[in-house]
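To start, the structure itself, in C-alpha cells.
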There are 2 protein chains.
Amino acid sequence: MASVRQAGGPCQAWPGDGGFVREVLDRIGDKWTVLTISTLSSGSLRYSDLQASVVGISQRMLTQTLKHLERDGLIVRTAYAEVPPRVEYALTDLGRSLVDAVRGMVDWAVAHHGEVAGNRAVSAVRGVGRERGRVG
Amino acid sequence: MASVRQAGGPCQAWPGDGGFVREVLDRIGDKWTVLTISTLSSGSLRYSDLQASVVGISQRMLTQTLKHLERDGLIVRTAYAEVPPRVEYALTDLGRSLVDAVRGMVDWAVAHHGEVAGNRAVSAVRGVGRERGRVG
DNA sequence: CTGTATCCAGTTTGATACTG
DNA sequence: CAGTATCAAACTGGATACAG
C-alpha cells in the first residue's frame, strides 16, 4: 500500500467525517461515560445503584457524567417526589444505539487484549520506542 | 423495563469483560490514538504527513501516540537510513482489525451527531441539568 | 437519597527550544 | 526530516463538607 494523501489539504480521518469523530470521542471516549451507559444497557437504575455498579466512580464524576448524557439526549432522568427521594436513569433510543455502536469496540478489546499485552511485553524487552532498527 | 442488578456484587459493564474494556478505553479511547490509526487506515504515512493529517495534534502528542501504538503492535515503524531521514508508519493486521471495530462508533458519530447537537441545544434552552421536572 | 460546592494533587497537553 | 527535552497552563478527578 502506498502513501496516500487526500487532495485539498489535511486528510479527513474518515470518509464523511466533518470533525464529528473527534467531537464524539471527546464525549463518549471518556471512560466514565462509556461505563455508565453500558451499565444502563441492562435497564434503568437509581443514582445510588449506578454509583455502586460503576466501580470506582466518584460522586462528582457520576453526577457530571449523568448530566452530560442527559443533556445530549442519551439518557432520561425521572425524579419521583417521594420521601426519601428517588431518581431513575434510563437510556433513550439514541443512547441504546450508541451502546450497539460501542459494542464492536468492546468485542475487539475482549478478543485482542491478550495479543496487545503480549506485544507490549515483547516491546519492553526489545526496547521498542527507544532504539531504532534501520532499513535501507 | 425494571431496575436490574446483576447478582454477586457490582455489575460488569459487559458480559465477558474482565476489566479489558476500561483498559482498552484508556488506550484507544484517547482521541489522538483513534485519529492517528484512522488516518493510517488509508495507507502508510511519514511522520510529517501524519502531523499534517491529524489536525491539531502537537509534535509531542504525535510522537507519544506513535510510540504507544508501536509498543502495542498496532502499527509498525520503518526508518530508512537516507538523507534527509525518512520514517514510515503503517498499520499492522491487529491495527487494521481495530479500525474495523472502531468504524461502528464512527458511523454512529456521523449518523447521530446532528441529533446530539440538537438535544444539547434544546437542553440549554430548557435548562436540563439545572431545574427538575417532578413526577409522582 | 440525591445531589452541590470547594479544595487540591496529579495528569495531560501545547508551546518552545534544541539535536542527530 | 524526525524527533527529544523542558516548562507552565489547563484540565481531571478524588476527597470532603454541606444542602434540599
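Predicted model only: the values in this text are computed from it and were never measured. Numbered from 1 within each chain, the chains take letters A, B, ... in sequence-line order.
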Quiz item: When the distance from CE of Met61(B) to C1' of dA9(D) is rounded to whole Å, what number comes out?
Solution: 14 Å
Quiz item: Can you find a donor-acceptor pair, distance only, under 3.5 Å between Arg60(A) side chain and dT16(D) base?
Solution: no
Quiz item: What residues form a side chain to side chain contact (heavy atoms under 4.5 Å, CB included) with Arg60(A), not counting sequence neighbours?
Solution: Ser58(A), Gln64(A)
Quiz item: How many Å lie between CD on Gln59(B) and P on dT13(C), as a whole number?
Solution: 16 Å
Quiz prompt | Euclidean distance, atom CD of residue Gln51(B) to atom P of dC1(D) [Å, nearest integer] | solution = 10 Å
Quiz item: Tell me: CG of Leu45(A) to P of dG3(C), nearest whole Å?
Solution: 13 Å
Exercise. Assess the side chains of Ser44(B) and Glu88(B): does a donor N or O sit below 3.5 Å from an acceptor N or O?
Key: yes
Self-check item: Distance, rounded to the nearest Å, where Leu66(A) contributes CG and dT4(C) contributes P
Solution: 10 Å
Quiz item: Can a donor-acceptor pair be found between the side chains of Thr36(A) and Tyr89(A) at a distance below 3.5 Å?
Solution: no
Quiz item: Would Leu94(A) and His112(B) count as a side chain to side chain contact (heavy atoms under 4.5 Å, CB included) if you check the C-alpha gap in whole Å, the side-chain angles of each, and the deciding distance to 0.1 Å?
Solution: CA-CA 8 Å; Leu94(A) 185 59; His112(B) 297 289; 3.5 Å; yes
Quiz item: Can a side chain N or O of Ser48(B) be found less than 4.0 Å away from OP1 or OP2 on dA2(D)?
Solution: yes
Quiz item: Separation of Leu62(B) atom CG from dA15(C) atom P, in whole Å?
Solution: 14 Å
Self-check item: Pairwise 5' ranking along DNA chain D for Gln64(A) and Tyr47(B), keeping only the more 5' one
Solution: Tyr47(B)
Quiz item: Which residue, Gly56(A) or Pro85(A), contacts DNA chain D at a nucleotide closer to its 5' end, judged by nearest heavy atom?
Solution: Gly56(A)
Quiz prompt | Under-4.0 Å side-chain N/O to phosphate OP1/OP2 contact, Arg46(B) with dA2(D) | solution = yes
Self-check item: Ile57(A) CD1 - dT2(C) C1' separation (whole Å)
Solution: 14 Å
Exercise. Show the numbers, then the answer: is there a side chain to side chain contact (heavy atoms under 4.5 Å, CB included) between Val116(B) and His113(B)?
Key: CA-CA 5 Å; Val116(B) 170; His113(B) 78 96; 5.6 Å; no
Practice problem: Could you state the atom-to-atom distance from NZ of Lys67(B) to P of dA5(D) in whole Å? | Solution: 8 Å
Quiz item: Do any side-chain nitrogens or oxygens of Tyr89(A) fall under 4.0 Å of OP1 or OP2 in dG3(C)?
Solution: yes
Exercise. Give the nucleotide from the list dT4(C), dG14(D), dA2(D) with an atom nearest to the side chain of Thr63(A).
Key: dT4(C)
